[in-house]
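Data first, discussion second: the structure below is written as structure tokens.
Count residues from 1 along the sequence. Both backbone and side-chain heavy atoms feed into the values below; hydrogens, waters and symmetry mates do not.
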Amino acid sequence: MCGRYTLRSKARSVAAHFELDELPDLEPRYNIAPTQDVAVIGLDQEGRRALGTMRWGFPRKRGGPQINLRNDTAVEAPRFRTLLSRRRCLVVADGWYEWQVQPDGSRLPHYLQLPGGGPFGFAGVWNHTPDGLACTIMTCTASTPIAPIHDRMPVIAQPPYEQWLDGPLQDPDTLGEQLETYTGELEFFPVSTRVGNYRNDDSSLIEPV
């Protein structure tokens with residue numbers, strides 16, 4: 001599950017990491033929430049990487065928007081397999097939040113990031129909707145260190161990003177390989193419950209408590 005995340009990295013850092021031709025226009029965001037416009041990297045008509053924005057979450061007839069898509073569901077369901085084959089993207093982030101259920105039933109938020117807190121890309125897929133372009137974030141089984149916090153985690157795409165962005169991927173086995181659980185090192189720690197309110201958006205949200 002990935003319901004909130006951050007993108008606070010400098011524009012130059014994002015451009016360098018993803019090898020973008022142009023410097024993106026980014027403001028620090030510490031509490032990105034569903035239905036908001038989010039930074040997404042895809043390929044332009046000339047096959048070059050470009051950063052744009054899409055709405056986070058596919059609209060559904062019932063319930064809230066579909067902000068996450070399980071890796072196994074995407075590979076097995078024909079309607080999602082088409083998106084996975086032809087409409088892949090990178091949702092730009094540098095950390096995300098997960099909520100751990102406590103013995104008394106309350107939920108304690110944790111912040112998770114790569115060592116050093118640099119930018120990375122969630123594996124995502126996009127589609128046309130009545131309100132414009134929208135994306136969702138792929139999820140997989142959580143890695144062993146963070147499984148006690150939550151049993152699912154976003155799929156962290158691994159460089160070289162051409163493996164995710166370029167060319168059709170239609171074979172289920174190949175698709176599955178692109179959606180495996182990230183097993184590298186992660187930093188994580190409890191943070192303030194203020195992150196539960198999407199209106200709160202400041203650097204104190206990622207400070208350990």
Quiz item: Are Ile206 and Phe188 grouped together when hydrophobic residues (ILVMFWY) are joined by side-chain heavy atoms under 4.5 angstrom apart?
Solution: no

Self-check item: Among Asp202, Asp201, Asn31, side-chain hydrogen bond (donor to acceptor under 3.5 Å, both in side chains) partner for Arg194
Solution: Asp202

Quiz prompt | Check: His17 ring centroid to Tyr161 ring centroid under 6.0 Å | solution = yes

Quiz item: Roughly how far, to the nearest 0.5 Å, is CG of Leu43 from CG of Leu165?
Solution: 5.0 Å

Solution key, residues 64-77 side-chain donor-acceptor pairs under 3.5 Å, sequence neighbours excluded:
unit_1: Asn68; atom_1: OD1; unit_2: Cys2; atom_2: N; d: 2.8
unit_1: Asn68; atom_1: ND2; unit_2: Cys2; atom_2: O; d: 3.1
unit_1: Arg70; atom_1: NE; unit_2: Asp72; atom_2: OD1; d: 3.2
unit_1: Arg70; atom_1: NH2; unit_2: Asp72; atom_2: OD2; d: 3.3
unit_1: Asn71; atom_1: OD1; unit_2: Arg152; atom_2: NH2; d: 3.4
unit_1: Asn71; atom_1: ND2; unit_2: Leu179; atom_2: O; d: 3.3

Quiz item: Considering all heavy atoms of both residues, which atom of Pro34 and which atom of Gly3 are nearest to each other, and what is their separation?
Solution: CD-O, 3.3 Å

Quiz item: Do you know which of Leu23, Val40, Val92 makes side chain to side chain contact (heavy atoms under 4.5 Å, CB included) with Leu51?
Solution: Val92

Quiz item: Are Phe122 and Trp99 joined in one hydrophobic group, where the rule is that I, L, V, M, F, W and Y side chains link up if heavy atoms are under 4.5 Å apart?
Solution: no

Self-check item: Cluster check Leu205, Leu7: I/L/V/M/F/W/Y, side chain < 4.5 angstrom
Solution: no

Quiz item: Okay, side chain of Asn200, backbone of Val195: is any donor-acceptor separation there less than 3.5 Å?
Solution: no

Quiz item: Tell me, do His110 and Val191 make a side-chain contact under 4.5 Å, heavy atoms counted?
Solution: no

Exercise. Decide if atom CD of Glu27 counts as having more than 12 heavy atoms of other residues, nucleotides or ligands within a radius under 6.0 Å.
Key: no

Practice problem: Kindly state each residue pair satisfying side chain to side chain donor-acceptor pair (under 3.5 Å) with at least one member in residues 179-193, sequence neighbours excluded. | Solution: Gln113-Glu187

Quiz item: Is any side-chain N of the basic residue among Asp94 and Arg8 closer than 4.0 Å to the acidic one's carboxylate O?
Solution: yes

Quiz prompt | Flag side-chain contact, heavy atom, 4.5 Å: Trp96 against Thr6 | solution = no

Practice problem: Measure the acute angle between the ring planes of His128 and Trp126, then classify it against the limits of 30° and 60° as parallel, tilted or perpendicular. | Solution: perpendicular

Quiz item: Does some side-chain heavy atom of Leu114 sit less than 4.5 Å from a side-chain heavy atom of Leu186?
Solution: yes

Quiz item: What's the shortest heavy-atom distance between Val125 and Leu84, and which atoms?
Solution: CG1-CD1, 3.8 Å

Exercise. Answer yes if the ring centres of Tyr5 and Trp56 are under 6.0 angstrom apart, and no otherwise.
Key: yes

Self-check item: Derivation of the side-chain contact (heavy atoms from CB on, under 4.5 Å) call for Glu98 and Leu112
Solution: CA-CA 8 Å; Glu98 296 287 7; Leu112 302 93; 3.7 Å; yes

Exercise. Look at the side-chain heavy atoms of Ile, Leu, Val, Met, Phe, Trp and Tyr, link any pair under 4.5 Å apart, and say whether Ile41 and Leu26 land in one connected group.
Key: yes

Self-check item: Gly118 to Ser9 - nearest heavy-atom pair and separation
Solution: C-OG, 4.3 Å

Quiz item: In terms of the angle between their ring planes, are Tyr111 and Phe189 parallel, tilted or perpendicular, with boundaries placed at 30° and 60°?
Solution: tilted

Practice problem: Please check if the side chain of Gln158 supplies one atom and the backbone of Ile156 the other of a donor-acceptor pair under 3.5 Å. | Solution: yes

Exercise. Using a cut-off of 6.0 Å, state whether more than 12 heavy atoms not belonging to Asp44 lie near its atom CG.
Key: yes

Self-check item: Closest contact, heavy atoms only, Met54 versus Cys135
Solution: SD-CB, 4.0 Å

Quiz item: To the nearest 0.5 Å, how far apart are OG1 in Thr136 and CG in Asn127?
Solution: 10.5 Å

Quiz item: For residues Thr129 and Arg55, is any side-chain donor paired with an opposing acceptor at under 3.5 Å?
Solution: no

Quiz item: For the hydrophobic clusters of this structure (ILVMFWY residues joined by side-chain heavy atoms under 4.5 Å, transitively), does one cluster hold both Met153 and Tyr97?
Solution: no

Quiz prompt | Any side-chain heavy-atom pair of Val38 and Thr53 under 4.5 Å | solution = no

Exercise. Taking atom types as modelled, find out whether Arg29 and Gln36 have a side-chain donor-acceptor pair closer than 3.5 angstrom.
Key: yes

Quiz item: Do Ser106 and Asp104 have side-chain atoms, one donor and one acceptor, less than 3.5 Å apart?
Solution: yes

Quiz item: When you check the gap from the basic side-chain N to the acidic O, do Arg49 and Glu162 get nearer than 4.0 Å?
Solution: yes

Quiz item: Can you check side chain to side chain donor-acceptor pair (under 3.5 Å) on Gln102 and Gln100, steps first, answer last?
Solution: CA-CA 6 Å; Gln102 302 298 293; Gln100 182 185 43; 3.3 Å; yes

Quiz item: Does atom CZ of Arg60 have more than 12 heavy-atom neighbours, drawn from other residues, nucleotides or ligands, at distances under 6.0 Å?
Solution: yes

Quiz item: What heavy-atom pair brings Ala134 and Phe58 nearest, and what distance separates the two atoms?
Solution: O-CE2, 3.2 Å

Quiz item: Which heavy atom of Arg88 sits nearest a heavy atom of Ser85, and at what distance?
Solution: NH1-O, 2.8 Å

